[in-house]
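The block underneath contains the structure these notes are about, expressed in structure tokens.
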Number of protein chains: 2
Amino acid sequence: MAAMIKSDFSAELPSVTDERPADARAEAFQGVREARRNELAEDYVELIADLIHEHGEARPVDIAAQLGVRAPTVTKALARLAREGLITRAKYRSVFLTDEGRALAKECRNRHEIVLRFLIRLGLDAETAELDAEGIEHHVSERTLALFKSYADRP
Amino acid sequence: MAAMIKSDFSAELPSVTDERPADARAEAFQGVREARRNELAEDYVELIADLIHEHGEARPVDIAAQLGVRAPTVTKALARLAREGLITRAKYRSVFLTDEGRALAKECRNRHEIVLRFLIRLGLDAETAELDAEGIEHHVSERTLALFKSYADRP
DNA sequence: GTAGAAAGTTAGCCTCTACTAACTTTTTGT
DNA sequence: ACAAAAAGTTAGTAGAGGCTAACTTTCTAC
Ligand SMILES: [Mn+2]
Ligand SMILES: [Mn+2]
Ligand SMILES: [Mn+2]
Ligand SMILES: [Mn+2]
């Protein structure tokens with residue numbers, strides 16, 4: 001009934017108090033959903049690259065330990081990454097990045113570092129910075145990343 | 001085989017090049033997964049509060065339009081929110097927030113605004129700021145939020 | 001007051017991401 | 001060299017979150 005009173009003068013026309021148009025907001029949410037679909041792949045390839053760098057190879061057991069998930073979860077995710085052309089692998093063997101996977105890993109590593117350095121530069125403790133960066137990194141546009149980098153790198 | 005050579009001197013002991021212990025990294029990833037589980041509820045209650053404020057009521061058709069999803073997706077999500085005690089509703093009627101839902105909405109709205117103002121203050125254009133804030137907000141700790149607020153509010 | 005439009009729900013489908021239990025393969029230690 | 005341990009896979013379960021198609025309810029205009 002509150003709606004009926006209101007609808008007398010502002011029902012189908014966009015109200016003045018309607019700060020953002022519906023489709024602009026929808027675009028933001030759609031962008032977030034899109035980013036979420038890439039998160040897993042990004043974290044995996046970044047981690048795989050790290051493991052190869054640190055241990056010479058990326059084994060599912062280590063991937064699982066670092067991500068805090070069980071082995072079958074990793075098996076399934078790796079099948080998806082292989083299907084998407086980011087990794088190659090053979091049964092019971094460790095994982096390799098394709099050129100595309102390596103490129104993505106490099107990009108993600110770079111972005112992760114910028115976000116992390118930015119947060120620390122802002123005054124955050126290193127531990128919390130690492131926790132937050134792991135989530136924030138996937139939702140930072142090119143422009144925002146550039147601003148983060150400038151701030152982190154400033155004298 | 002690279003691993004075998006390496007394992008001669010660094011196999012089971014944590015290597016010096018192993019920058020972060022596995023469980024610290026796992027903790028970060030677990031935190032992100034936890035945050036992701038709350039994202040949808042946070043966006044819904046924030047949006048519902050906005051709609052009630054702007055239009056006097058929150059109707060599923062408007063929720064769907066603003067989120068950029070189809071009506072049945074909203075029906076299902078609302079069932080979950082009701083199950084979780086964040087909203088109350090009756091069939092074919094609009095949605096109401098519980099006290100708990102209202103409190104969460106207020107918190108989310110506040111956080112969203114701080115992140116948004118922070119990004120704009122950093123030099124980002126308002127449109128991109130809105131897009132990024134919608135994703136970043138869910139991955140910002142209390143500490144980071146406090147730093148964002150200080151930066152946004154500084155003279 | 002009623003017919004048609006709009007809104008909402010239900011049913012059924014899909015993918016993704018997680019899990020456990022049970023099995024197979026590989027590696028390790030003696 | 002071979003038994004036991006560790007690593008990896010497969011199968012099956014579950015819930016979240018998206019969709020379309022078809023149905024029901026509510027609202028609106030006449
Ligand atoms: Mn991450
Ligand atoms: Mn990362
Ligand atoms: Mn959001
Ligand atoms: Mn928001």
Side-chain angles (χ1 to χ4, degrees), chain A residues 1 3-4 6-8 11-12 22 26 29-44 47-48 51 55 57-84 86-87 89-96 138, chain B residues 1-8 11-12 22 26 29-44 47-48 51 55 57-84 86-87 89-96 138:
Chain A
M1 8 333 262
M4 289 174 109
K6 225 183 178 230
S7 69
D8 290 345
E12 55 296 292
F29 285 121
Q30 277 161 346
V32 175
R33 287 197 296 272
E34 165 71 19
R36 248 194 313 242
R37 277 196 296 277
N38 303 322
E39 268 187 59
L40 194 105
E42 290 172 356
D43 284 336
Y44 266 81
L47 174 56
I48 289 164
L51 287 170
H55 298 111
E57 65 177 348
R59 302 164 76 224
V61 66
D62 293 325
I63 297 173
Q66 302 257 332
L67 290 176
V69 299
R70 298 295 188 170
T73 302
V74 172
T75 299
K76 233 183 233 178
L78 293 179
R80 194 191 122 197
L81 297 183
R83 181 159 33 88
E84 288 173 357
L86 295 169
I87 63 168
R89 58 177 327 223
K91 251 194 191 178
Y92 297 102
R93 295 263 102 102
S94 54
V95 180
F96 301 90
H138 309 282
Chain B
M1 315 81 184
M4 288 174 108
I5 293 163
K6 217 171 184 247
S7 70
D8 291 343
E12 54 296 294
F29 285 120
Q30 276 160 346
V32 175
R33 287 197 295 273
E34 164 73 19
R36 250 195 310 244
R37 276 195 296 276
N38 302 323
E39 269 188 57
L40 195 105
E42 291 172 356
D43 285 335
Y44 266 80
L47 174 56
I48 289 164
L51 288 170
H55 298 18
E57 64 177 349
R59 304 164 75 225
V61 66
D62 294 325
I63 297 172
Q66 302 257 333
L67 289 176
V69 298
R70 299 293 188 171
T73 302
V74 172
T75 300
K76 228 183 239 181
L78 293 178
R80 195 190 122 196
L81 296 182
R83 182 159 32 90
E84 288 172 0
L86 295 169
I87 63 169
R89 58 179 323 224
K91 253 196 193 181
Y92 299 100
R93 296 262 99 104
S94 53
V95 181
F96 301 90
H138 310 282

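Letters go in sequence order (proteins before strands), and every chain restarts at 1. Only this structure's heavy atoms are used, side chains among them; waters, hydrogens and symmetry mates stay out.
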Which atom names give the shortest non-hydrogen contact between Ile63(A) and Leu47(A), and what distance separates them? O-CD2, 3.8 Å
Per atom distances to the Arg70(B) side chain, the nearest of dT17(C), dC19(C), dC19(D) is dC19(D)
Using whole Å, report how far NZ of Lys91(B) lies from C1' of dC23(D). 12 Å
Between P on dC16(C) and CG on Leu78(A), what's the gap in Å once rounded to a whole number? 14 Å
Per atom distances to the Val69(A) side chain, the nearest of dC19(C), dG18(D), dA7(D) is dC19(C)
Using atom types as modelled, flag every donor-acceptor pair under 3.5 Å from a side chain in residues 70-77 of chain B to any protein atom, sequence neighbours excluded.
residue: Thr75(B); atom: OG1; partner: Ala71(B); partner atom: O; Å: 3.4

Picking from dT26(C), dG8(C), dC16(C), the nucleotide nearest the side-chain atoms of Tyr92(A) would be dT26(C)
Got a sec? Which of residues 31-39 of chain A come in under 4.0 Å of DNA chain D, heavy atoms? Arg33(A)
I'd like to check Glu39(B) versus Arg36(A) (side-chain heavy atoms, cut-off strictly below 4.5 Å). Are they in contact? yes
Ignoring hydrogens, what is the shortest heavy-atom contact between Ser94(B) and Ala58(B)? Give both atom names and the distance. CB-O, 3.0 Å
Val61(B) side chain, from C-beta outward: closest of dG8(D), dT10(C), dG8(C): dG8(C)
Phosphate-side-chain proximity, Arg83(B) and dA16(D), N/O vs OP1/OP2 below 4.0 Å: yes
Closest to side chain of Thr73(B), choosing from dC19(D), dA18(C), dC16(C): dC19(D)
Taken to the nearest whole Å, CZ/Arg59(B) to P/dT9(C) is 11 Å
Below the 4.0 Å mark, does dT9(C) have OP1 or OP2 next to a side-chain nitrogen or oxygen of Arg93(B)? no
Whole angstrom is fine here: how far is it from NE2 in His55(A) over to P in dA7(D)? 13 Å
Taking only N and O in the side chain of Thr75(B), is any of them less than 4.0 Å away from OP1 or OP2 of dT9(C)? yes
Checking all strands, does Lys76(A) fall into the base, sugar-phosphate, or nothing category for heavy-atom contacts under 4.0 angstrom? base
Expressed as a whole number of angstroms, how long is the span from Arg89(A):CZ to dT25(C):C1'? 13 Å
